[in-house]
Amino acid sequence: MAAANTSSPPRLELDILSLTNEARNAYGLRRQEYGRYRHHCTQRLHRIRKTLGFTHGKDKSYIARPISAATVTDEKYLHLLLFQAERAWGYAMEIKALSTALDDPRKHSHYMNRLKKAAKLSQQLEEICSAKTGLVGVRTTLETQAYAAVMSGYVLFEAQQWQGALEKFSAARAIYDKLSLAGTPHQEALCHAALDEIDPNIRFCGYRLRLAKDGVVSVEELVQMSAADKASGSDILLREIEHLIAKTREERAQDVSSITWRSKTLPLKNAKLATAIIAAQETAAELNNASRTTDEKLEQYDKILQAYAAAEKQVKKAIKEDISAAAKVKSSKSEQNTAELNMVATYIAYSALRHSIDRNLLLAQEIYGKLEGSEAAVDREFDVQYQNLVKAYDNVVQNLVSIQELPGIAADIQLSALVENKLLYYKGWRCFFTAAAYSKLSRHVEALALFGRTQSSATQLRSNLGRSSGSSDDVDADGFNVTEQELGEMENKIRGRKCQVHAAWYLEAGQHGDDLQDQLRSMSLDEKSLDEVKKLFIQPQPSIKLWRMVHPPNRR
C-alpha cells in the first residue's frame with residue numbers, strides 16, 4: 001500500500017507592496033485621481049468575486065459572505081480584503097481632495113468613516129495572515145502587519161492622536177526597513193518607496209509631540225524611541241524579521257556557488273560559509289544609507305566586523321574539516337580544495353581589515369574636526385584628543401600591516417604595492433599628529449624631529465608613486481590608491497606646521513626680529529603653508545609682533 005501524502009499544502013503569498021504600487025500608478029494616482037482609482041478597485045473586486053464564485057447577489061437574493069481563515073483557499077480571497085481596504089482608502093482620499101478644508105462636519109465624518117473602514121479591513125487581513133493561521137509565508141505576514149499599521153496610523157493621525165500614530169508608523173517603518181534586506185532588488189526598491197511615504201508622517205508626529213531637538217527631527221531616533229516600548233510587541237516583531245532575513249540568506253546561499261575577488265573565482269561549497277559571507281556583505285551594504293550620522297555609522301561598522309568574525313569562524317571550521325578529510329583520503333583535488341578554502345579565508349580577513357580601516361579613519365576624521373575645526377574650544381584637553389587621534393591612525397597602520405601578512409597578498413604584486421604606499425601615507429599622518437601633539441605641549445625640538453620623519457615618509461611615497469606612475473590610472477576597487485592631490489595636501493600641511501614650530505621655537509629662544517624674519521623667509525612658504533603659519537599668530541601674547549616681522553608694512 002502506498003504511503004499517504006502527509007505533506008502540508010503550500011503557503012499562500014500576497015505581495016502587497018507590488019500589487020498596490022502597480023494598481024495605484026496604473027489607475028490614477030500618478031495624477032492624484034482618487035475617484036478613478038476607487039472605480040478600478042470596485043471593478044477589480046467584482047471580477048475577483050465572479051472568478052471565485054463568491055458573489056453576494058442583488059436585492060432580496062443578497063447573501064453576506066464574510067471572509068475568514070477557514071474561507072481562504074486561494075490567494076484571491078486575500079486580494080478581496082486588500083482591495084476592499086484600498087477602495088475605502090481611495091474613497092477617503094477622494095473626499096479629502098475634493099474638499100479644500102474639511103470644515104463641514106458631515107464631510108469630515110464621512111472622510112473619517114472611510115479611513116476607519118480601510119483600517120478595519122486591513123486589520124482583518126492581518127488576522128487572517130497572522131502566524132497563528134499558518135496560511136501564508138513569513139514575508140506576507142510581515143507585509144500585512146506593516147500595511148495594517150500604516151492604515152491605523154492614518155486614522156490616529158487624522159484624529160490628532162500623535163503618540164499612537166507615531167507608534168503605528170514607526171512599527172511599519174521598522175518592518176519595511178528590514179524587509180528591504182530580505183528580498184529581490186524590486187522588493188527592496190518598493191520598501192524604500194514605502195519608507196519615503198511614511199517618514200514625513202513620523203517627523204510631523206515628532207514635531208507635534210515636541211520630540212525635536214533644536215527644531216530638527218531625526219526619523220531614526222523617533223523610531224528607536226517608539227520601539228523602546230516593548231509592550232507594543234516590537235521585540236517579537238523584530239525577531240520575526242531577523243528570522244525572515246536569515247531564511248532569505250540561506251535560500252540565496254543555495255544559489256551562490258562562488259565569489260569573485262581580485263579577478264579570482266573562489267568556489268563556495270559550504271552552505272553555512274556562503275550564508276555567513278552573504279550576511280556580512282549585506283550588513284556592509286547598509287552603510288550606503290547617506291542619512292546615517294557618524295555615531296550610527298560607527299555602530300554599523302561594529303555590526304559589519306561582527307558579521308565578518310562570524311564568517312571567519314565558519315571558514316576556520318571548514319578548513320579544519322577539509323584537513324581532517326584530506327588526512328583520511330587524499331585525492332587529486334585535495335590540495336586545490338585546501339588552497340581555495342585558504343584563499344576564501346584570506347578574502348574574509350581582508351574584508352574585515354578593510355572595514356576596520358574605514359572605521360578608524362571615520363573616527364579620526366571626527367576627532368580631527370573637534371580639534372582643529374571652527375568649533376574647537378580653547379580649553380579643550382588637547383593632549384587627550386591628540387592621543388586618541390594618533391591611536392586611530394596607529395590602528396590603521398596596524399590593519400595595513402596585517403593585510404600585508406595575509407597569505408597570498410605578497411603574491412599579488414599590484415595590491416602589495418598599493419598597500420605599501422597606503423602604509424607610508426598613514427604612517428606619515430600618524431607621525432604628523434604625534435608631532436602636532438608635541439608642539440601643543442611646547443616641546444618644539446621633539447616636534448621638529450618628528451615633522452622631519454614625516455617629510456621623509458612623504459618623500460619616499462612620492463618616489464614610489466613616480467616609479468608606479470604607469471599603473472596609476474588603473475581602477476582600484478579597494479580604494480588603496482594614494483592620489484597626487486592627497487600627497488600634495490600632506491606635504492603642504494607638513495611644511496606649514498613645521499614653519500609654525502620653527503617660529504615658536506625662535507620666539508621662545510629670544511631670537512632678534514631680523515634673524516627671525518630671515519629664517520622664516522628662507523622657508524619659501526606657499527599660500528596653504530602660509531595659512532598654517534597664520535594660526536600661530538591668532539594667539540595673544542607677543543605673536544602679533546612676530547606677525548609684523550613676517551609681513552612688514554610697505555614703506556614709501
Side-chain angles (χ1 to χ4, degrees), residues 12-99 102 106-129 135-136 139-140 143-155 158 172 186-187 189-191 193-194 197:
L12 305 175
E13 295 295 337
L14 180 67
D15 196 343
I16 294 178
L17 286 178
S18 180
L19 286 170
T20 56
N21 182 73
E22 182 181 349
R24 290 179 181 182
N25 289 335
Y27 296 97
L29 263 62
R30 287 185 182 273
R31 300 181 180 86
Q32 307 300 310
E33 297 174 355
Y34 293 103
R36 181 186 172 196
Y37 181 60
R38 179 168 67 94
H39 182 65
H40 163 72
C41 290
T42 301
Q43 290 183 324
R44 188 164 186 165
L45 287 169
H46 182 64
R47 289 196 301 269
I48 294 173
R49 286 187 181 279
K50 286 187 68 175
T51 302
L52 294 173
F54 201 68
T55 56
H56 293 297
K58 294 182 179 180
D59 301 329
K60 294 182 180 180
S61 62
Y62 178 85
I63 301 173
R65 293 183 181 272
I67 300 175
S68 63
T71 310
V72 177
T73 57
D74 188 283
E75 66 180 21
K76 292 187 182 299
Y77 287 98
L78 303 179
H79 289 202
L80 280 176
L81 284 172
L82 174 62
F83 282 99
Q84 284 183 56
E86 283 290 289
R87 180 174 62 177
W89 172 80
Y91 197 178
M93 294 298 104
E94 182 184 5
I95 296 170
K96 187 175 183 179
L98 294 176
S99 305
L102 295 174
R106 293 181 62 185
K107 287 186 178 180
H108 185 266
S109 176
H110 194 190
Y111 168 68
M112 290 300 296
N113 285 338
R114 293 298 92 192
L115 271 185
K116 288 176 181 178
K117 184 173 182 180
K120 183 178 179 180
L121 288 166
S122 64
Q123 288 168 5
Q124 185 180 352
L125 178 63
E126 178 189 1
E127 291 172 2
I128 292 175
C129 296
L135 290 172
V136 299
R139 187 179 186 92
T140 300
E143 279 204 48
T144 54
Q145 288 180 8
Y147 182 74
V150 169
M151 289 298 178
S152 299
Y154 287 146
V155 175
E158 294 297 336
H186 179 62
Q187 290 173 327
L190 290 173
C191 288
E197 292 181 5

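Note that the coordinates shown come from a computational prediction; the quantities given were computed from them, not determined experimentally. If you read the sequence from its start, that first residue is 1, and numbering goes on from there.
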Heavy-atom neighbours of Glu13 CD exceed 12 at 6.0 Å: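 Yes, the 6.0 Å shell around CD holds more than 12 heavy atoms from other groups.
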Neighbour count >12 (heavy atoms, 6.0 Å) for atom NE2, His39: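 Open: at most 12 neighbouring heavy atoms sit under 6.0 Å from NE2 of His39.
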Any side-chain heavy atom of [X] sitting closer than 4.5 Å to one from [Y]?
{"X": "Tyr77", "Y": "Phe54", "result": "yes"}
{"X": "Trp89", "Y": "Tyr154", "result": "yes"}
{"X": "Tyr37", "Y": "Glu94", "result": "no"}
{"X": "Thr71", "Y": "Arg65", "result": "no"}
{"X": "Leu14", "Y": "Leu19", "result": "yes"}
{"X": "Thr140", "Y": "Leu135", "result": "no"}
{"X": "Arg49", "Y": "Lys76", "result": "no"}
{"X": "His46", "Y": "Lys50", "result": "yes"}

To the nearest 0.5 Å, how far apart are [atom1] in [X] and [atom2] in [Y]?
{"X": "Gln84", "Y": "Ile48", "atom1": "CD", "atom2": "CD1", "result": "9.5 Å"}
{"X": "Tyr111", "Y": "Lys116", "atom1": "OH", "atom2": "NZ", "result": "12.0 Å"}
{"X": "Ser18", "Y": "Gln187", "atom1": "OG", "atom2": "CD", "result": "8.0 Å"}
{"X": "Leu98", "Y": "Met93", "atom1": "CG", "atom2": "CE", "result": "12.0 Å"}
{"X": "Leu12", "Y": "His79", "atom1": "CG", "atom2": "NE2", "result": "9.5 Å"}
{"X": "Glu143", "Y": "Ile16", "atom1": "CD", "atom2": "CD1", "result": "5.5 Å"}

Residues Glu33, Arg38: salt bridge by 4.0 Å N-O rule: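 Here Glu33 does not pair with Arg38 in a salt bridge, since their nearest N and O are not under 4.0 Å apart.
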Lys/Arg-Asp/Glu bridge criterion (N-O < 4.0 Å) met for Glu86, Arg24: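 Arg24 and Glu86: salt-bridged.
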Nearest heavy atoms of [X] and [Y], plus distance in Å:
{"X": "Leu78", "Y": "Cys129", "answer": "CD2-SG, 3.9 Å"}
{"X": "Arg36", "Y": "Ala26", "answer": "NH2-O, 3.5 Å"}
{"X": "Leu17", "Y": "Ala194", "answer": "CD2-CB, 4.2 Å"}
{"X": "Phe83", "Y": "Ala23", "answer": "CE2-CB, 4.0 Å"}

Donor-acceptor pair between Gln145 and Tyr147 side chains, under 3.5 angstrom: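 There is no such pair (donor and acceptor under 3.5 Å, judged by atom type) between the side chains of Gln145 and Tyr147.
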Residues in salt bridge (Lys or Arg N to Asp or Glu O under 4.0 Å) contact with Arg47, at least two apart in sequence or another chain: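 Partners of Arg47 under the salt bridge (Lys or Arg N to Asp or Glu O under 4.0 Å) test: none.
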Test applied, side chain to side chain contact (heavy atoms under 4.5 Å, CB included); reference residue, Ile95; option that passes from Met112, Arg114, His108: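 With Ile95 as partner, side chain to side chain contact (heavy atoms under 4.5 Å, CB included) holds for just one option, Arg114.
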Which pairs would a plain distance check flag for residues 117-126, meaning a side-chain donor or acceptor within less than 3.5 Å of a matching protein atom at least two apart in sequence or in another chain?
| from | atom 1 | to | atom 2 | distance (Å) |
| --- | --- | --- | --- | --- |
| Ser122 | OG | Ala118 | O | 3.2 |
| Ser122 | OG | Ala119 | O | 2.7 |
| Gln123 | NE2 | Ser152 | OG | 3.0 |
| Gln124 | NE2 | Ile67 | O | 2.9 |

